[in-house]
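Take a look at the structure set out below.
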Amino acid sequence: MTAIVATCVAIGLIAYMLTTSSGNPDASAESTPNNQGDKVEERLPKSVSPVEYRLKIIPHLEDGNFTSSGELWITMEFKETTNKIVLNAREITFHQVEIVSLAKDIAVTNVTVKNDSELVIVRVNKLLRKGESHKLYIRFSGILNDVLQGFYRSSYVDSATNETRWTATTQFSPTYARRAFPCFDEPSFKARFRISLGRRENMTSISNMPLKSTQDMPNMPHFVWDHYQPSLPMSTYLVAFIVTDFDNVQVKDSSQPVFRLWSRHDVIDQTEYMSKIGPSMLRFLEGYFKIPFPLDKQDIVALPDFGYNAMENWGLITFRESAMLVNEKEAVAEARQNVASVAGHELAHQWFGNLVTPAWWSDLWLKEGFATFFGNMAVNHVEPTWRMTDSLIQDLHDVLVGDALESSHPISVGLNHTDQITQIFDSISYIKGCSIIRMMHHFLGAEVFRMGIQRYLRTYSYRNAEQDVLWEALTYEARLSENPVTYITVKNVMDTWTLQTGYPVLQVQRNYKTGTVTVFQERFCWAIAGCQDSTESWWIPLTWTTQSNPRYNDTMPKAWLWNPTLELNDTVPDDQWILFNLGQTGYYRVNYDDRNWKQLAQSFETLPPVIRSQLIDDSLAASRAGNLRYKIAIDLISRLENETDFLVWNAALNQLEYIHDKMHDDADYNKFMLRLGRKIFETIGTVEKQNDGHRERRWRGKIMKWACIVGHEECRQRAHQFLKNWIEMPPAKENPIPANLRSWVYCTGLKHGGKSEWNFLWNQYLKTTSGSEKTVLLEALGCITDDAILLSYLEKSISKSSGVRKQDGWWVFRSVAGNPIGKDIAFRFLRENWVALNEYYGSGFSAVAKMVTALPRYMNSETDLKELETFKDSVKLGVTSTAFEQAIEQVKINEAWTTNYKKQIQDILKEI
Ligand SMILES: *[C@@H]1O[C@H](CO)[C@@H](O)[C@H](O)[C@H]1NC(C)=O
Ligand SMILES: *[C@@H]1O[C@H](CO)[C@@H](O)[C@H](O)[C@H]1NC(C)=O
Ligand SMILES: *[C@@H]1O[C@H](CO)[C@@H](O)[C@H](O)[C@H]1NC(C)=O
Ligand SMILES: *[C@@H]1O[C@H](CO)[C@@H](O)[C@H](O)[C@H]1NC(C)=O
Ligand SMILES: *[C@@H]1O[C@H](CO)[C@@H](O)[C@H](O)[C@H]1NC(C)=O
Ligand SMILES: *[C@@H]1O[C@H](CO)[C@@H](O)[C@H](O)[C@H]1NC(C)=O
Ligand SMILES: *[C@@H]1O[C@H](CO)[C@@H](O)[C@H](O)[C@H]1NC(C)=O
Ligand SMILES: [Zn+2]
């Protein structure tokens, strides 16, 4: 899936300061609150294994009925002798349960539904023997809920008729197939699915497989059954079906598989971009993996209500509208890149996840990390000018921030409750996963890596895998090509990255007299006192180069660091710098002694952009963690006065945001930032130019938003003018503000505007049919400084009739919490509406957890900390437990930082 937690390849990372976007392409919801953190989820016994499901199901969308009726025949193999069949179900009503095997005398004696553990236990009157096969028949009904999980309902208003149209659709990952029909709902129980969907004759249905036949429904005039071909063996979380009145277009020239794009009629013309890139990304991936896509068709559907960015259901990928549709007339570069990245991610899942599936959710990263990594590669193939490697580095910088919390978690993690499964759809699984794969790609070399990946996919097709078998496949290929990592084995190296929390910083110490260089490792944490009780050690691939003969592309390790310290064989003359972790391909930070930092700063302009961005990121991080004097880091970033590369600016703004949040009203700070940015502000300007590339278009708005924040006068006037022009135009006219500049213009305009501007933009939000424009507006509407408006805005996030869809509600909260004026209002709103919010959103796509995560940004004091802790102790945590733990740690760090460094930085800036 592509969650919306942190940015996965996708969205710009200046994120919090500039835009507030955050797009982990997969995230999900729930009707009965499921917030008991102490609920123990029971795993299914392995005694019974499903082979085939025959499912007939019909959603009742008429007259507000919103239930479903189904019949199910499950063919099971018995691996052990038992009189008990245990499977999963949630909010399912059982009408009839029987064994319908040839042996006629087997009777069901008892059906027990255990709501807490989402299990149903079927007991029979005699022992079913190991090796036997039996068929279980179940007639049931379910609920078409409105929390975007399981089999759920979604609606939209058709513009031509002004009618509300209903669609029934599914989201089963990770554990919601059981809300649609009883099943063995764990990824290791792969089976074939033969699905029949009932529908009204004027609707359409879609499922994973191609349609086989359609048949009138007996006794139900105007209703039919659509029978689908049997699926390949697959996990329950990948099953999908939709009954809808959507339009579709078939992509020309996509002979195998056939690509069909679906959306509601009003926006079907926005599928064109997807039709261009989808088939060619799929073909690229087939070529890389050397395994053809096994289905005859690939349906791609844009849904008006969708909790995540997208979901990779085999042969039927579902998206939220803003992650799939591109309005060519208003082409926003950012949105286009998001669409490509999410699509690449989901297509890569067709192999990583669908063909080879993690055995359990603990190894979620085995599909999410790889989908992110190969998705990026596929986008690079179709959009070679976008510099997609830059996105990997931006994502890396982003995740290194979160992963330096002591309350972070290992990539591969033991999971005990359903609530925990939901919580690991986070940036650690997606982006740290992707980043350590990138590290392997470099230390193994592209060819060994590719052969190892092919071997892994080939060997485990239609099966399940754990990370150890991936390490074996990679080690095997490394041996064949005599790769130096062989003597350590990929497993020894990678276990240190996947089983331990956090990551190391490489401390470099030089002896300038003898020329020797010593490195040592320790865990990197934000806590100024360092990480508590940290004894971890990582296998670190060491790459380095020196000033006299710089070879920045040498990303094969020259040595490995495992012991705490190592002295290099190379010596370096005292007047030259040494640089480690080339291309920032390793998942670690580097910190040098003061003199080497100064030498690097001297050469700053001569280094490649990737290295410049790395130095900015590592130095500011080292200072923030108390490992490097701020004077050194600030001297280094003063070099940005001449900087015009976006990657470097992204790194700077990503780190400076932390300082900014605490010093945004400090005059010297703003003066310093204005001086740093003068050149980039002038270079990029406030006007779109004819010959701008994708990157300029994508970055201009972000840079200008920041310019306005630090007080650039012309920037503010331009934004104000843009917005005023639009407001004063006759209502029927199209928005004159270039799409790429809107986020900046709206937010700045509102910050210096009032109720009338806010109402104007709110009405635009209600009017627009573009998903990405809606997102931009939602983010901007929280920029206003009026308390009453901010509160009424928050209230819209919890109201069905406000026009804010449930899938988008948390953007409202984040937008308000991300405004220094709004943060107290947001916190109060969360406290006062905790129960209602949890009921409204449920636990699925972590909306409430994301709200908690948005809180600590401006919380810097003891009082803030106490309030947050008191609040945490007073509520049921459920899926928000990790979010609270991390938020509290963050406030502690903020408080310590403010006490220790704020004054120091003010003093440094006074002297500059
Ligand atoms: C919904 O429709 C089904 C099928 O027509 C019917 O059996 C059921 O009673 C209806 N439920 C409600 C709540 O109307
Ligand atoms: C079914 O089993 C449960 C648990 O063992 C028991 O509580 C219940 O009374 C049984 N129901 C019937 C109808 O036998
Ligand atoms: C569409 O329907 C809504 C609700 O029934 C109504 O308020 C609105 O005026 C209608 N709009 C148009 C353009 O007919
Ligand atoms: C399908 O037919 C039903 C019953 O005539 C009608 O209520 C509904 O609006 C129709 N749906 C579409 C999409 O035309
Ligand atoms: C799950 O339980 C195991 C064993 O008790 C424990 O080591 C692990 O940390 C738990 N996982 C989580 C995410 O709490
Ligand atoms: C290093 O890599 C960059 C980017 O891939 C490339 O442009 C450059 O030519 C390479 N330099 C050398 C010396 O290979
Ligand atoms: C240093 O050189 C020795 C002898 O050639 C070699 O065994 C060792 O691995 C080298 N160490 C490093 C860190 O390169
Ligand atoms: Zn995914």
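Just so it is clear, the model here is predicted, and its values are computed rather than measured. Counting starts at 1 for both ligands and their atoms, in listed order.
Using a 4.5 Å heavy-atom cutoff, the side chains of Val120 and Phe94 are in contact.
The single protein non-hydrogen atom nearest to atom 1 (C) of ligand 4 is Asn202 ND2, 1.4 Å, given as residue, atom name and distance. In terms of protein heavy atoms, atom 8 (C) of ligand 1 is closest to Asn65 ND2, 3.7 Å. Atom 4 (C) of ligand 4 has Arg200 NH1, 3.4 Å as its closest protein atom, hydrogens excluded (heavy atom only).
Cation-pi contact between Lys56 and Trp225: present, with separation from the ring centre below 6.0 Å and deviation from the ring axis of at most 45°. Under the 6.0 Å distance and 45° angle rule, Lys297 does not count as a cation-pi partner of Phe259. A cation-pi arrangement is not found for Arg90 relative to Tyr176, the charged atom failing to lie both closer than 6.0 Å to the ring centre and inside a 45° cone about the ring normal. Taking the ring axis of Phe66 as reference, the NZ or CZ atom of Arg153 stays within 45° of it and closer than 6.0 Å to the ring centre.
Looking at Thr67 against ligand 1, only its side chain comes within 4.0 Å, counting heavy atoms. Contacts of His222 with ligand 4, taken as heavy-atom pairs under 4.0 Å, are absent altogether.
Close contacts between ligand 4 and Asp245 involve ligand atoms 13 (C) [criterion: under 4.0 Å to a heavy atom].
A donor atom on one side chain and an acceptor atom on the other are found under 3.5 Å apart for Ser141 and His95.
Among the candidates Thr204, Ile206, Leu211, the single residue satisfying the side-chain contact (heavy atoms from CB on, under 4.5 Å) test with Asp226 is Leu211.
When distances to the Zn ion (ligand 8) are checked against a cut-off of 2.8 Å, Glu368 contributes an N, O or S atom below that limit.
Counting protein heavy atoms under 4.0 angstrom from atom 11 (N) of ligand 1 gives one or more.
Restricting His349 to its N/O/S atoms, the shortest distance to the Zn ion (ligand 8) is reached by NE2.
Backbone and side-chain nitrogen or oxygen atoms of Glu163 are examined, and none is located within less than 3.5 angstrom of a nitrogen or oxygen of ligand 4.
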